[in-house]
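Structure first, commentary second.
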Amino acid sequence: MRALQVRPGRGGGADLVSVDEPSPDEGSVLVEALALGVCGTDREIVRDEYGALPPGDEALVLGHESLGRVLAAPAGCELAAGDLVAGVVRHPDPVPCSSCGAGEPDMCKNGRYTERGIKGRHGFGRERYRLEPAFAIKVPPALGHLGVLIEPASVLAKAWEHIERIGRRAHWAPRRALVTGAGPVGLLAALMARQRGLDVHVVDLARDGPKPQLVRDLGATYHVVDVAKACTTADVIVECTGAPALVLEAMRCNAGGGIVCLAGLSGSKTLDVDVGALNQRLVLHNDVIFGTVNANRRHYRDAAEALLAADRAWLERLITRRVPLARWADALEAHEHDVKVVIDFAA
Ligand code: BGC
């Protein structure tokens, strides 16, 4: 069968190769791939900027945003042949740390977790793969092919869960949210902010293409200006770009008692910052800045609910390109007006 392979730590690049059928050791649920979402992390792995090989292997099967159909599942498991399924990305570390032991590998403390298609564990970019039932999420049939959005949505479902838990440290009545970046992560963050009834503002660089209208159709306001001009009264800022200048602006520009959620990964960059002034602001405002990554099972469930509650036509528009597996290289290349690119295994 065909698989999309990369070589993190060995110079990067990607290839479509022929591999063996998945070993039963990988899990008792056999899945046929339908679709695979492509994100910035995949492109970083291809450029050899991120990712890790499974121990003892010379290549990694890429892909962590999955949608598949169950071909076979053991009796007594929640899944049956024909069900739509998404794979959980992160697996607990072997120790396990207290978070992994508590079923929250997304909060792993020692960094020895593995992630499918990213770090030390083969991913979902192949025609068939296997899942352990504890790492398989049954996709509501009503979501259909949009189930491929469950993994990226799970990351934002976690972000919003944590924002709300932090908010409950004291009286909290948030009114306004600012999201930086109108890629898939930012748009899903904005969707979930609107679902919470917030006045939502989204900042991005794009002046044309689908992003401005996608934001407006959520009932949110789109800005092509810097964060300080877009909104200085946001109770919540969800930073989805990882761009160091925006990260800094987000920390400086929230309302008193604001919560700044950093959900984008930055490359290395030095900025001249008055740490004293920043500290004074954070302390005097009771601000919280926190980072968030990945998601656990409960967030996949919340993500499915958020997607089911969203306007289906709007979600369809998030997927701006569907590329057959045979043209995988085109999918891995970022095009100007892409929002979410999906590799179609069923084509
Ligand atoms: C994935 C997460 C993962 C993170 C860091 C993201 O692209 O969606 O599941 O934890 O990369 O590896």
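Computation of the quantities below employed the complete heavy-atom set of this structure, encompassing side-chain atoms and omitting hydrogens, waters and symmetry-equivalent molecules. Just follow the structure's listing: the first ligand is 1, and inside any ligand the first atom is 1.
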Handout entry: Minimal non-hydrogen separation, I343 against A331, with atom names
Key = CG1-CB, 3.6 Å
Exercise for the section: Might you point out which heavy atoms bring L187 and W314 nearest each other, and give the distance in Å? Expected result: O-CH2, 3.7 Å
At a 4.0 Å threshold, what atoms of ligand 1 neighbour a non-hydrogen atom of [X]?
X: H64; value: 1 (C), 7 (O), 8 (O)
X: V293; value: 4 (C), 5 (C), 10 (O)
X: E151; value: 1 (C), 2 (C), 8 (O), 9 (O)
X: C39; value: 7 (O)

Answer with yes or no whether the side chains of [Y] and [X] bring together a donor and an acceptor at under 3.5 Å.
X: D344; Y: H145; result: no
X: K119; Y: T114; result: no
X: E239; Y: T180; result: yes

Side chain or backbone of [X] under 4.0 Å from ligand 1, or both, or neither, by non-hydrogen atoms?
X: E115; answer: side chain
X: N294; answer: both
X: K119; answer: neither
X: P152; answer: neither

Fill in the blank from the handout: The protein heavy atom nearest to atom 5 (C) of ligand 1 is Y50 OH, 3.2 Å
Problem - Closest protein heavy atom (residue, atom, distance) for atom 6 (C) of ligand 1 - result: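 I find the closest protein heavy atom is T41 OG1, 3.5 Å.
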Handout entry: Working for salt bridge (Lys or Arg N to Asp or Glu O under 4.0 Å), residues R7 and E58
Key = CA-CA 7 Å; R7 282 168 299 279; E58 283 302 307; over 6 Å; no
Handout entry: Geometric class of the Y129/F124 ring pair [parallel <30°, tilted 30-60°, perpendicular >60°]
Key = tilted
